[in-house]
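I have placed the structure first, in the form of structure tokens, so that the comments after it can refer back to it.
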Amino acid sequence: HWAEEDTGGIAAFNILIDPRDTDQIYAGSWGHNLLRSTDGGQTWASIHHGLETLSVHAFAVDPANPQFLYAGTVEAIYGSADGGKNWWATPLADRPVTTLALAVSPVTSTLLFAGTTEGVYYSQDRAQTWQAAGRDGLAATVTALLLDPSDPLTLYAGTEHHGLFRSIDKGQHWQPWGLNSTSVYAILMDRAGTIWLGTDAGIFRSQ
């Protein structure tokens, strides 16, 4: 059922369940920053505290410490160390770069990856500073990211109009991995290791 009473028809870009508390759910919205539910989606409230009027295109929670939150916007990437009470902003470059996907390493929680309109960036200090990753091999808008939970070196990137890419060295080098000319907007891996892709041409899965 729709939670229209609290969200008021707000457009949501993404939704994420807290890995340690399934009653706590986050949704990145258009122009209304970040929405959070603490009762399994029955009621919702905006998390402001420095994110007012921003559109949150990407969101991530540190699986090792859910007090660390990360939000990707048009202006910058925002981080919080206290569950969203306070936020800091970190620009990716000397100009605005829109972030469309975020992923936290399941092995090293200080390591984050950001999929942007200018490829992939990475941070080794909890989003304090950022560097470009493998720009020569992946010069495209990155709309989805997946870190392989069974292999901390392997990273998948879904792109707009250029298909799926894979890196086996944490984003330093990239190889095309299928679905050329297709836009890949979502990547999931199930417990059996099968990769599922949400694209502009339907849903695909690995063999």
Side-chain angles (χ1 to χ4, degrees), residues 12-20 24-28 34 56-74 76-81 84 87 90-93 97-135 137-138 140-160 162-175 177 183-191 193-199 206:
F13 287 120
N14 50 80
I15 190 164
L16 189 146
I17 299 173
D18 188 318
R20 294 194 173 187
Q24 186 150 263
I25 306 171
Y26 297 91
L34 194 61
V56 177
H57 293 270
F59 181 72
V61 176
D62 183 343
N65 184 349
Q67 289 296 300
F68 280 93
L69 311 177
Y70 305 98
T73 73
V74 174
I77 292 177
Y78 288 76
S80 174
W87 295 85
T90 307
L92 292 171
V97 177
T98 300
T99 299
L100 301 171
L102 287 169
V104 183
S105 169
V107 176
T108 307
S109 61
T110 55
L111 176 63
L112 286 85
F113 294 90
T116 78
T117 49
E118 297 184 1
V120 175
Y121 285 77
Y122 71 97
S123 171
Q124 301 184 86
D125 53 12
R126 294 189 186 275
Q128 299 289 338
T129 59
W130 293 88
Q131 301 177 60
R135 187 61 51 80
L138 181 52
T141 294
V142 174
T143 49
L145 289 172
L146 172 70
L147 283 160
D148 190 331
S150 65
D151 182 357
L153 298 179
T154 299
L155 177 65
Y156 296 91
T159 69
E160 196 164 49
H162 295 282
L164 183 68
F165 285 75
R166 188 181 78 155
S167 171
I168 57 174
D169 57 8
K170 294 194 292 189
Q172 296 309 303
H173 300 89
W174 294 91
Q175 301 81 37
W177 207 245
S183 294
V184 178
Y185 294 113
I187 312 173
L188 294 173
M189 181 181 289
D190 63 24
R191 294 179 180 178
T194 301
I195 297 174
W196 296 80
L197 304 177
T199 80
S206 60

How close do [X] and [Y] get, counting heavy atoms only, and between which atoms?
X      : Y      : answer
Ala157 : Val142 : CB-CG1, 4.0 Å
Gly137 : Trp174 : O-CB, 3.9 Å
Ala60  : Leu16  : CA-CD1, 4.2 Å
Leu102 : Ala114 : CD2-CB, 3.8 Å
Pro66  : Arg20  : CD-CD, 4.0 Å
Trp130 : Phe113 : CZ3-C, 4.2 Å

Discussion item. Could you walk me through whether Lys170 and Leu111 satisfy the side chain to side chain contact (heavy atoms under 4.5 Å, CB included) test, starting with their C-alpha distance in whole Å, then the side-chain angles of each, then the deciding distance to 0.1 Å, before giving a yes or no?
Written reply: CA-CA 10 Å; Lys170 294 194 292 189; Leu111 176 63; 4.0 Å; yes

To the closest 0.5 Å, what do you measure between [atom1] ([X]) and [atom2] ([Y])?
X      : Y      : atom1 : atom2 : answer
Gln24  : Ile17  : CD    : CD1   : 11.5 Å
Thr116 : Leu92  : OG1   : CG    : 6.5 Å
Tyr156 : Leu197 : OH    : CG    : 10.0 Å
Gln67  : Asp18  : CD    : CG    : 9.0 Å
Ser105 : Asp62  : OG    : CG    : 9.5 Å
Thr90  : Tyr78  : OG1   : OH    : 9.5 Å

Is any side-chain heavy atom of [X] less than 4.5 Å from a side-chain heavy atom of [Y]?
X      : Y      : result
Leu147 : Pro106 : yes
Val104 : Phe68  : no
Glu160 : Leu100 : no
Ile187 : Leu145 : no

Examine distances only and state if a side-chain atom of [X] and a backbone atom of [Y] form a donor-acceptor pair shorter than 3.5 Å.
X      : Y      : answer
Ser123 : Thr129 : yes
Arg126 : Leu112 : no
Thr154 : Ile168 : no
Ser80  : Leu69  : no
Thr143 : Gly158 : yes
Thr159 : His162 : yes

Worksheet item: Can you name the residues that form a ring pair (Phe, Tyr, Trp, His ring centres under 6.0 Å) with His57, not counting sequence neighbours?
Response: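 His57 satisfies ring pair (Phe, Tyr, Trp, His ring centres under 6.0 Å) with Phe13 once adjacent residues are dropped.
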
Worksheet item: Please walk me through it: do Ile77 and Tyr121 pass side chain to side chain contact (heavy atoms under 4.5 Å, CB included)?
Response: CA-CA 11 Å; Ile77 292 177; Tyr121 285 77; over 6 Å; no

Discussion item. Are there over 12 heavy-atom neighbours, none belonging to Leu153, within less than 6.0 Å of that residue's CG?
Written reply: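 Yes - once you tally the heavy atoms of other residues, nucleotides and ligands closer than 6.0 Å, there are more than 12.
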
Item to complete: Kindly indicate, with the supporting measurements, whether the criterion side chain to side chain contact (heavy atoms under 4.5 Å, CB included) is fulfilled by Leu34 and Trp87.
Response: CA-CA 12 Å; Leu34 194 61; Trp87 295 85; 4.1 Å; yes

Fill in: Derivation and outcome, side chain to side chain contact (heavy atoms under 4.5 Å, CB included), residues Thr110 and Asp125
CA-CA 5 Å; Thr110 55; Asp125 53 12; over 6 Å; no

